[in-house]
Amino acid sequence: MAGLNNCSGYSSKDGSDLRSFSNALYQKVGTWKRKERQFSMSGLSAYQKEEGEGVNPILRQPDADEPLIFSGSNSDKDELAVRRCIVEETRDTDQIRKRSRHAYLQGRKEKKLLEIEQKVRDHENLFEGAKLSQAEEMDLMYLRNICEIAKKPLEGDYTGGYKMPDAYDLDGAINQEKRFSVAKRASTNTEAVQMMNTFSAQEAWEAQQIGKSIYKFGSQDRNKTCDYSYILEDQIDSVKGSVLNGNKEPNRVEKDRKLRKALPIYSYREKLLQAVKEHQVVIIVGETGSGKTTQIPQFLHEAGYTKHGMVACTQPRRIAAMSVAARVSKEMGVKLGHEVGYSIRFEDCTSEKTIIKYMTDGMLLREFLTEPDLGSYSVVIVDEAHERTLSTDVIFGLIKDLGRFRTDLKILISSATLDAEKFSNYFDLAPIFTIPGRQFPVEIHYAKAPEPDYVCAAMKMVLQIHLRQPPGDILVFLTGQEEIEVVDEKLRDLTRGLGTKIGELVICPIYANLPNELQAKVFEPTPEGARKVVLATNIAEASVTIDGIKYVVDPGFCKIKTYNPHTGMESLLVNRISKASAKQRAGRSGRTGPGKCFRLYTEYEYEHDLEDNAVPEMQRTNLANVVLTLKSLGIHDLVNFDFMEPPPSEALLQALEQLFALNALNVKGELTKTGRRMAELPLEPMLSKMVVASDKYKCSDEIITIAAMLSIGNSVFYRPKGKEVQADNARRNFNAGTFGDHLALLNVYNSWKWTSFSTQWCYENYIQVRSMRRARDIRDQLEALVKRAEIEITSNLNDLNAIRKAITSGFFLHAAKLQMHGSYRALRNHQTINIHPSSVLAQELPPRWVVFHNLVLTTREYMRQVTEINPKWLLDIAPHYYQLKDVDGPKTKKMPHSQGKSRISH
DNA sequence: GAGCACTGC
């Protein structure tokens with residue numbers, strides 16, 4: 001019951017138990033409502049009369065330590081105005097909700113329900129009359145339970161827990177246990193609510209539910225007149241949990257900025273240098289604000305480590321590398337690019353004088369290719385190691401190996417979290433050095449009960465904070481663009497017209513695909529008297545820092561890319577965040593002053609359902625590129641390569657197979673000449689194979705454009721809300737005379753080039769300038785590298801067949817054949833797939849043979865970026881992979897759809 | 001006729 005004593009919303013100060021308290025509370029609310037109806041003719045004055053009686057317990061029940069902003073005399077008037085507005089707006093809310101994720105989930109749920117019901121029937125038929133084993137009975141009961149749960153509407157469906165997506169495992173099959181675990185847990189909840197007495201959060205929830213039912217009993221006609229209660233009455237109760245340690249005092253901030261010596265790390269200087277002197281590898285745990293990234297390289301320089309080589313410090317992000325380098329060069333009083341520099345893709349800001357070099361981790365990996373012993377470095381610092389990016393993990397393996405014969409090389413691994421033990425074990429029990437951070441304290445509040453719909457809950461929470469908490473900006477973490485747009489629209493609707501009655505809400509969305517000029521709004525200072533609400537994706541967790549955030553709303557979800565090596569399919573799934581992420585998110589509120597973090601999940605869920613750390617990227621990605629890099633570094637035994645956490649062996653094998661098929665590896669698993677050329681290019685292997693092959697077809701100019709356009713991904717076309725039709729029309733202009741998306745992308749780039757890279761042209765055609773500039777950068781880089789690899793740049797724009805052949809050379813593994821009903825069958829694994837509706841070819845008569853760039857799993861399995869090919873090319877280009885019967889079997893001539901028996905030999 | 005988190009070379 002410890003949690004209850006801390007609860008901030010309804011805590012009873014006289015010690016009476018929660019149930020009777022909430023009971024009384026709801027009765028009070030009921031009275032209040034009835035009175036309001038009585039006085040509806042002059043509602044406002046009725047309020048003023050009642051002032052002082054505690055008429056509105058929800059807003060008038062202040063926390064002991066939490067002053068209300070409504071303490072002034074106008075509070076009830078203001079609040080009434082808010083409610084009035086909400087009454088009016090609720091009429092529209094239903095419609096908005098229909099378009100929201102909510103409705104989307106409901107639709108999917110219904111589909112699923114039909115499937116499950118059929119399954120139950122099947123089961124029942126199968127086992128009719130037979131005696132069931134206990135396990136079978138459990139199974140059946142469990143399916144029935146799911147049916148029951150699925151039948152309930154989403155709104156108010158407290159039994160359903162969080163809405164979780166289907167769980168896919170790396171081994172290909174859908175993991176049924178994982179998939180239904182949420183439902184399973186929920187079903188036990190409904191059947192035996194009494195069983196949930198093991199933890200306080202659940203108890204509190206139960207008490208609240210009982211309180212609600214009592215309240216309903218007393219006001220049956222509530223739905224007719226009291227729609228406005230939607231937001232405030234159904235408020236989210238939170239329990240105050242732990243406080244993230246903070247040791248920073250507000251008045252010291254300014255001083256700290258000026259005094260390097262005031263940073264916490266400074267007092268550890270001598271000890272740290274001693275540790276580095278005695279050990280080759282040192283693990284540094286430094287919390288945010290400890291100054292480790294800026295100070296440690298300077299310490300090492302002062303201690304003389306730069307006499308025999310540079311100090312390298314890797315960062316996972318470009319911006320971090322640039323900005324830290326700029327700050328350090330300022331501190332040292334040297335010009336950026338001289339003694340202190342940075343090195344990122346497209347930009348090498350270093351010189352011969354450089355002794356401290358900040359760089360992205362991918363860049364250090366590239367340096368391994370040109371200088372395998374890292375001879376020009378004396379110290380390598382791997383910063384932000386806890387993020388476990390693909391490059392960081394590969395660097396770990398390489399540098400651990402390198403350290404064995406370069407004993408003079410010092411290695412520092414710096415991480416923000418407490419999984420330092422893992423790092424230490426990996427690096428042969430390297431000593432761990434802990435430096436305290438300097439941050440403001442952050443109060444953590446947990447939800448008292450699980451929230452069924454986190455989008456809706458987040459919205460309520462924002463309004464609650466806005467009404468109840470002192471000024472300060474709010475940061476809300478959502479999973480994607482769609483959610484952000486829904487919440488944005490709904491919040492705008494709800495607060496429209498409040499104007500002067502209540503502080504204005506300035507709503508700023510931010511996600512990576514949002515055009516720059518719209519992103520900039522987030523960083524503008526909040527107007528006087530207003531409150532900024534930032535709706536962000538994970539971008540705000542580490543990549544973007546917004547000043548002035550005082551409150552964080554954390555629903556506890558994010559989208560994570562998963563990869564299935566069997567089908568070669570990747571999918572973005574909404575998933576729980578890790579404890580480390582939750583901590584990081586909370587910390588975003590304590591940057592400029594003490595903050596508060598409202599987690600929309602219970603403390604129990606935090607403790608038991610969240611993993612400590614996110615799954616490293618290595619475990620959930622296509623490894624072809626990693627394997628190619630390692631092979632070109634001369635590492636042949638990949639199975640025994642010392643990964644910190646080895647990737648799944650299937651993924652490794654699949655990557656080897658793919659590289660073999662692409663002719664990058666020979667039968668012995670050694671790198672071929674083609675493979676060596678491919679490794680030079682900063683592209684995925686299939687794309688780099690395409691580029692290498694373009695030499696043969698004399699169309700390298702076009703192919704590198706296509707490769708650049710494909711590697712910027714899906715952010716070329718911009719489709720603003722409300723202008724979808726115009727955007728789609730503009731997009732269609734590029735499709736004329738093409739055989740598919742690849743050539744359409746080529747058209748886009750060339751058209752832009754012919755307008756001399758006009759920004760205006762991009763706006764007119766609903767194309768994202770930022771992405772196009774990036775494509776141009778990549779294209780320029782590729783052009784230089786291709787020339788260095790002695791591939792001649794030749795343009796052959798008129799011979800579209802040559803271009804398509806070159807594409808096929810890279811993507812023959814991704815070939816598919818039309819079946820009946822317009823779906824396709826992948827030649828590699830006979831999987832049924834479809835053309836993505838956004839593709840050029842989705843508009844036209846489906847071609848019989850295609851190659852595609854990648855597969856995504858959303859509602860169905862879709863191919864994105866599809867181009868028509870001639871099946872004979874497959875035989876010409878990949879005779880080692882395809883045989884005549886694969887593309888031209890005797891049966892296929894008459895019955896093109898019954899080709900299932902043909903087999904692919906490797 | 002569907003909806004793509006974030007990086008990096």
Side-chain angles (χ1 to χ4, degrees), chain A residues 99 101 104 107 314-321 343-348 359-370 384 387-395 477-486 510-514 536-544 557-562 570-575 577 581 614 617 620-621 625-626 628-629 678-685 687-688 707-708 711-719 721 724 727-728 771 774 777-778 781-782 785 822 834-839 841-843 854-865:
Chain A
R99 272 174 278 147
R101 175 177 188 81
Y104 170 66
T314 73
Q315 296 290 324
R317 278 167 293 277
R318 296 160 51 93
I319 297 189
S343 171
I344 57 179
R345 189 181 184 181
F346 311 129
E347 215 180 322
D348 185 4
M359 62 213 300
T360 47
D361 48 11
M363 209 64 198
L364 184 68
L365 203 52
R366 285 272 140 195
E367 296 215 349
F368 265 105
L369 288 175
T370 50
E384 314 283 352
E387 289 196 25
R388 304 292 303 278
T389 66
L390 199 58
S391 310
T392 307
D393 269 12
V394 176
I395 286 174
F477 283 99
L478 296 166
T479 64
Q481 181 178 348
E482 193 191 353
E483 268 176 28
I484 289 177
E485 279 168 1
V486 169
I510 182 164
Y511 44 88
N513 266 356
L514 194 73
T537 58
N538 243 8
I539 194 172
E541 195 176 297
S543 315
V544 166
F557 288 96
C558 70
K559 279 189 188 170
I560 294 177
K561 191 171 83 177
T562 49
E570 55 189 31
S571 42
L572 273 174
L573 297 176
V574 175
N575 224 322
I577 57 170
S581 283
E617 197 181 355
R620 47 182 178 86
T621 194
N625 213 1
V626 172
L628 186 63
T629 309
M678 281 165 61
E680 295 278 314
L681 300 169
L683 294 170
E684 325 157 14
L687 283 174
S688 50
S711 53
I712 52 170
N714 44 30
S715 52
V716 178
F717 299 100
Y718 179 51
R719 207 161 173 255
K721 247 181 144 49
E724 285 90 349
D728 287 349
S771 306
R774 201 175 142 71
D777 285 342
I778 297 174
Q781 189 191 25
L782 288 179
L785 287 169
N834 304 279
I835 291 183
H836 196 279
S838 68
S839 166
L841 295 176
Q843 315 280 336
N854 60 1
L855 281 176
V856 286
L857 174 70
T858 50
T859 48
R860 290 157 89 190
E861 288 90 352
Y862 286 111
M863 307 181 262
R864 282 201 316 210
Q865 320 292 10

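Quantities reported herein were computed from a predicted structural model and do not represent experimental measurements. To find a chain, count down the sequence lines: A is the first, B the second, and so on, and within it residues start at 1.
Mapping A:Asn538 and A:Leu683 onto DNA chain B via the closest heavy atom, the residue that lands nearer the 5' end is A:Asn538. The residue among A:Asp361 and A:Ser715 whose nearest nucleotide of DNA chain B lies closer to the 5′ end is A:Ser715.
Distance, A:Leu687 CG to B:dC9 P: 16 Å, rounded to whole Å. Spacing between atom CD of A:Glu541 and atom P of B:dT7 amounts to 12 Å, rounded to whole angstrom units. Rounded to an integer number of Å, the gap from A:Glu617 CD to B:dC9 P is 13 Å. As rounded to whole Å, 10 Å separates atom C1' of B:dG1 from atom CZ of A:Arg860. If you take CD1 of A:Ile712 and P of B:dC6, they are 15 Å apart, rounded to a whole angstrom. Per the geometry, CD belonging to A:Glu483 stands 13 Å off C1' belonging to B:dC4, to the nearest Å. As a whole-Å value, the separation of A:Tyr718 OH from B:dC4 P is 17 Å. Per the geometry, NZ belonging to A:Lys559 stands 7 Å off C1' belonging to B:dA5, to the nearest Å.
In this structure, A:Arg317 reaches the sugar-phosphate backbone alone: every heavy-atom distance under 4.0 Å involves primed, P, OP1 or OP2 atoms, never a base. Contacts of A:Ala512 with the nucleic acid, taken as non-hydrogen atoms under 4.0 Å apart, involve only primed sugar atoms and P, OP1 or OP2. Residue-level contact check: A:Arg864 touches the bases, meaning some heavy atom is under 4.0 Å from a base atom. Among the atoms of the strands shown, only primed sugar atoms or phosphate atoms (P, OP1, OP2) are found under 4.0 Å from some heavy atom of A:Thr360. No contact: A:Thr389 has no heavy atom under 4.0 Å from any strand. Within 4.0 Å (heavy atoms only), A:Leu390 reaches no atom of the nucleic acid at all. Nucleic acid contact for A:Gln481: sugar-phosphate only, since backbone atoms but no base atoms lie under 4.0 Å from a heavy atom of the residue. Note on A:Ile539: only backbone sugar-phosphate atoms sit closer than 4.0 angstrom, heavy atoms only; bases stay farther off.
Side chain to side chain, A:Glu387 and A:Thr392 fail the donor-acceptor criterion of an N or O pair below 3.5 Å. Side chains of A:Glu617 and A:Thr621: a donor-acceptor N/O pair is absent below 3.5 angstrom, by distance only.
Between A:Phe346 and A:Arg318 the shortest side-chain heavy-atom distance falls below 4.5 Å. Looking at heavy atoms from C-beta onward, A:Arg345 lies in side-chain contact with A:Ile778 at the 4.5 angstrom threshold.
Nearest to the side chain of A:Thr537, among B:dC9, B:dA2, B:dC6, sits B:dC6. Closest approach to the A:Pro837 side chain among B:dA2, B:dC9, B:dC6 is made by B:dA2 (side chain taken as heavy atoms from C-beta onward). Looking at the side chain of A:Asp728, the nearest of the listed nucleotides B:dA2, B:dC6, B:dC9 is B:dA2. Candidate nucleotides B:dC4, B:dA5, B:dC9 were compared by shortest atom distance to the side chain of A:Ser838, and B:dC4 ranks first.
For A:Tyr862, the ring-ring contact (aromatic ring centres under 6.0 Å, His included) criterion is met by A:His836, not counting sequence neighbours. Taking the salt bridge (charged side-chain N to carboxylate O under 4.0 Å, His left out) definition, one finds that A:Arg864 meets it with nothing, sequence neighbours left out.
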